[in-house]
Amino acid sequence: MTDILIQLFCEAFEALYQQKSDPEQVNVQKTRPEFKGDFTINVFPFLKMTRKNPQVTATEIGEKMKEMSALVASFEVIQGFLNISLSDQIYLEMLSDLLKSGGQMVAPVKQTKKFVVEYSSPNTNKPLHLGHIRNNLLGHSVCALLKEVGHEVVKVNLVNDRGIHICKSMLAWQKWGNGATPESTGKKGDKLVGDMYVRFSQELKKETEVLISQGIKAEEAEKKASLMLEAREMLKKWEEGDVEVRELWERMNGWVYDGFDVTYKNLGISFDKTYYESQTYLLGKEIVHEGVSRGVFSVYPDQSVRIDLTAEGLDEKVLLRSDGTSVYITQDLGTAVMRQKEYNADEMVYVVGNEQNYHFQVLKQLLSKLGHTWSEGVHHLSYGMVELPEGKMKSREGTVVDADDLMAEMIFTAREVSDESGKLAEFPDAEKSAVHRMIGLGALKYFILKVDPKKNMLFDPRESIEFEGNTGPFIQYARARINSVLRKTTEAGIDHLKSASNQVCPDETEKDLIRQLASYSDVINLAAREMNPGLVANYLFALAKSYNQFYHDHPVLRENDTEKQLLRVNLSVVTAETLRKGMFLLGIAMPERM
RNA sequence: GGUUCCGUAGCUCAGUUGGAUAGAGCAACAGCCUUCUAAGCUGUGGGUCAAGCGUUCGAAUCGCUUCGGAAUCACCA
């Protein structure tokens, strides 16, 4: 819609002043409610070209636009703002187009690309928590958005399955696990392994406290503790391929994956491909060695490999330890190169918390130094931390919010609220719990996704399970009510696939709804470009709110004028579909009734 | 100390190429169900957009400075 107006404006401008106006400069926005009109164009940027005052310029352009197109019904000029009122006919056409396309279609981007998006990236020493939830929801939604606008998307997970952390869990299991398995304890595998990790930390703490009391410094004590030495020894054995260690490692990681699968399934998250660091960590070394031979990286006297990035505003970075082992960035270098070889992507997106901003700056810089032109497409989708009302989550203080527990609580609360209302009373139990799930998870997902990804967010458990106001269930409810209306109109034999005739005049509320519905495609495109699902969430909330206002005083079934009734049915159909599609892009399911 | 990000109503957040009198939700208060699902709708109160200076027709938005908060600057991941 705005595209058409911009074009019309430019044509009118050229016809009037024999000069071309830059379409980029044309600022079209919704007219503020206190003024008459539908869309507003600001003429200030063009005054230098017209050499006339704002009032005259806007009036002249307005008149020309009206003359050139039937789109413009009338206009008003206030302080350099050209407020254009569109004809009723246009609104009916917009609605009819939306209806014909089967609800909502998103205009594809001009240039489609291939994206590889990495998200989730868990460690196998502890269960998924609230922070992972934000990551997973973001990754999932961004992928859905990119696909929706026409890009090709490969969703990948990179599991950090090796390293000292998992050795700690393994060691603790050997020492204090008593042979416990998920089967024998009935515990989820990731939880069991997580418990072992906690146990290790506790025992290590005890040991270091003893050492400290003997006068050894804290840092030293942790390094010298026998448990730590044992863990390191185990890591070494792992790297050497020790059969016993490898077997235990595979067994315990297997438990973790079974546990993760359950959590992912609950959350509705999936991947096209899963990478494991154990299979990729060696690749980075080769790349670093190659970099050395090409003079990109330098070997220092202590045999460590480094690069000086101070000229780029960064610091000196170690790429290989003096003992020749790889560090974090070495691995990421390897996986990036491997992944690019495999997929030849135009864009490589990493959904990773903002604590790693520096890391990704370095990674991109290194890839570029190595001569990989595709490093331009490396993009760190950095998101803010999730904090609790009492502060940051700290595993030491037991304030970490477990993903499984959180989901279960949300669903439980949904059940309570639903049972209290009695709205699903005559539903079979299976269907009821399915709806409770959708509501509970809808609340959780929406609560997290509505916030701008790059900002830190506060997760207040009390607020997250609210089902009123700007929440997921509010939007689900709006659609469930529409469904209810549509069921009844269908029963009454009203054909909602027929467009309303052009005899009807939509009122302001109805026009407002149509305008919002018509902007869906633009919103999705913007959200995809910015990789910001929050834009979709806010749009859907505003749309649901507008529909609720409409619903309140625009009866559908009881409307006697059949043309008006048809218009309202059509509005309801398109709104319901828009809400459903939009929420789908956020990974949120919509109950038919609630 | 260097770098990056953030600071908008009591609380949580919108506000996207700089546009009219800065908006929602929650919380508070007052109304609306014999009428398509009240998980809804309507209204009231609530602001020095952290502070200052600058850029210009116009700044929450851009620049500089200051204050406050966060992250990071590992031979951890």
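Just so it is clear: chains get the letters A, B, ... in the order the sequence lines come, proteins before strands, and each one is counted from 1.
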Phosphate oxygens OP1/OP2 of B:rC36: is one of them under 4.0 Å from a side-chain N or O of A:R558? no
Does a side-chain N or O of A:K450 approach OP1 or OP2 of B:rG25 to a distance below 4.0 Å, or not? no
Using a heavy-atom distance cut-off of less than 4.0 Å, which residues of residues 120-130 of chain A contact RNA chain B? none
For RNA chain B, the residues among residues 523-535 of chain A that have a non-hydrogen atom under 4.0 Å from it: A:L526, A:E530, A:N532, A:L535
Going by atom type alone, with no hydrogens or angles, which donor-acceptor pairs under 3.5 Å involve a side-chain atom of residues 386-394 of chain A and a protein atom two or more places apart or on another chain?
none

Under 4.0 Å, counting only non-hydrogen atoms across every strand here, what does A:H380 touch: a base, just sugar-phosphate, or nothing? nothing
Would you indicate what A:V556 reaches in the nucleic acid, counting non-hydrogen atoms under 4.0 angstrom: base, sugar-phosphate, or nothing? base
Flag side-chain contact, heavy atom, 4.5 Å: A:I6 against A:I41: no
Could you work out, with salt bridge (Lys or Arg N to Asp or Glu O under 4.0 Å) as the rule, every residue matching A:D190, not counting sequence neighbours? A:K188
A:M594 CE to B:rG40 C1', in whole Å, measures 11 Å
Polar pair under 3.5 Å, donor/acceptor by atom type, side chain A:N470, base B:rG25: no
Side-chain donor/acceptor contact of A:N83 with base of B:rA20 under 3.5 Å: yes
B:rU17, B:rA77, B:rU12: which one has an atom nearest the side-chain heavy atoms of A:V327? B:rA77
Please list every stem that involves RNA chain B, where a stem is a run of 3 or more consecutive Watson-Crick or G-U wobble pairs with both pairing distances under 3.5 Å. B:1-7 with B:67-73, B:10-13 with B:23-26, B:28-32 with B:40-44, B:50-54 with B:62-66
Readout for nucleotides 68-73 of chain B: B = base within 4.0 Å of protein heavy atom, S = sugar-phosphate only, - = neither; 5' to 3' it is --SSSS
